[in-house]
Amino acid sequence: MPAKLQSAHSTKAGVWALLHIIEGEVLYQLEPPRQGERRARAGEKIVIEDGVPHHVAFTEPGRFYVEFYRKPDNGGA
């Protein structure tokens with residue numbers, strides 16, 4: 001797992017993601033001032049909200065991938 005993912009980071013405003021766990025187990029933790037964590041195993045997904053600082057770590061060795069999405073632009077509406 002890249003070191004950057006193991007330390008505090010976030011997506012850009014308007015960009016959210018799905019963390020897909022293929023093998024093993026991942027721990028997803030929010031950074032202060034937010035609180036919360038989620039463990040996910042193979043076959044599970046975690047929604048990563050836009051702009052929310054967090055970090056991830058393997059609690060069991062494995063593999064995952066991240067799928068990014070951009071919120072639709074309402075054209076100033």
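All values derive from a computational prediction rather than experimental measurement.
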D50/K71 ion pair, N-O < 4.0 Å: yes
N-O pairing of K45 and E67 below 4.0 Å: no
H55/H9 aromatic ring centres below 6.0 Å: no
For the student: nearest non-hydrogen atoms of S10 and G51, plus distance: CB-C, 3.8 Å
Spacing of CG belonging to L19 relative to CD belonging to E44, to within rounding of 0.5 Å: 10.5 Å
V66-Y69 co-clustered via ILVMFWY side chain contacts under 4.5 Å: no
Residue pair R39 / T59: nearest heavy atoms and the distance that separates them: NH1-CG2, 3.0 Å
Shortest non-hydrogen contact from L18 toward H20: O-CD2, 3.5 Å
Parallel, tilted or perpendicular: ring planes of H54 versus Y28, cut at 30 and 60 degrees: tilted
F68 side, atom CZ; I48 side, atom CD1 - distance, nearest 0.5 Å: 7.0 Å
Beyond-backbone contact of E49 with R34, side-chain heavy atoms, under 4.5 angstrom: yes
Parallel, tilted or perpendicular, as decided by the 30° and 60° cut-offs, for the rings of F58 and F64: tilted
Least distance between heavy atoms, I46 atom then R38 atom: CG1-NH1, 3.5 Å
Flag if over 12 foreign heavy atoms under 6.0 Å of CZ, R41: yes
Shared hydrophobic cluster for L30 and V26 (ILVMFWY, side-chain gaps under 4.5 Å): yes
pair Q29-V56: side-chain heavy atoms closer than 4.5 Å: no
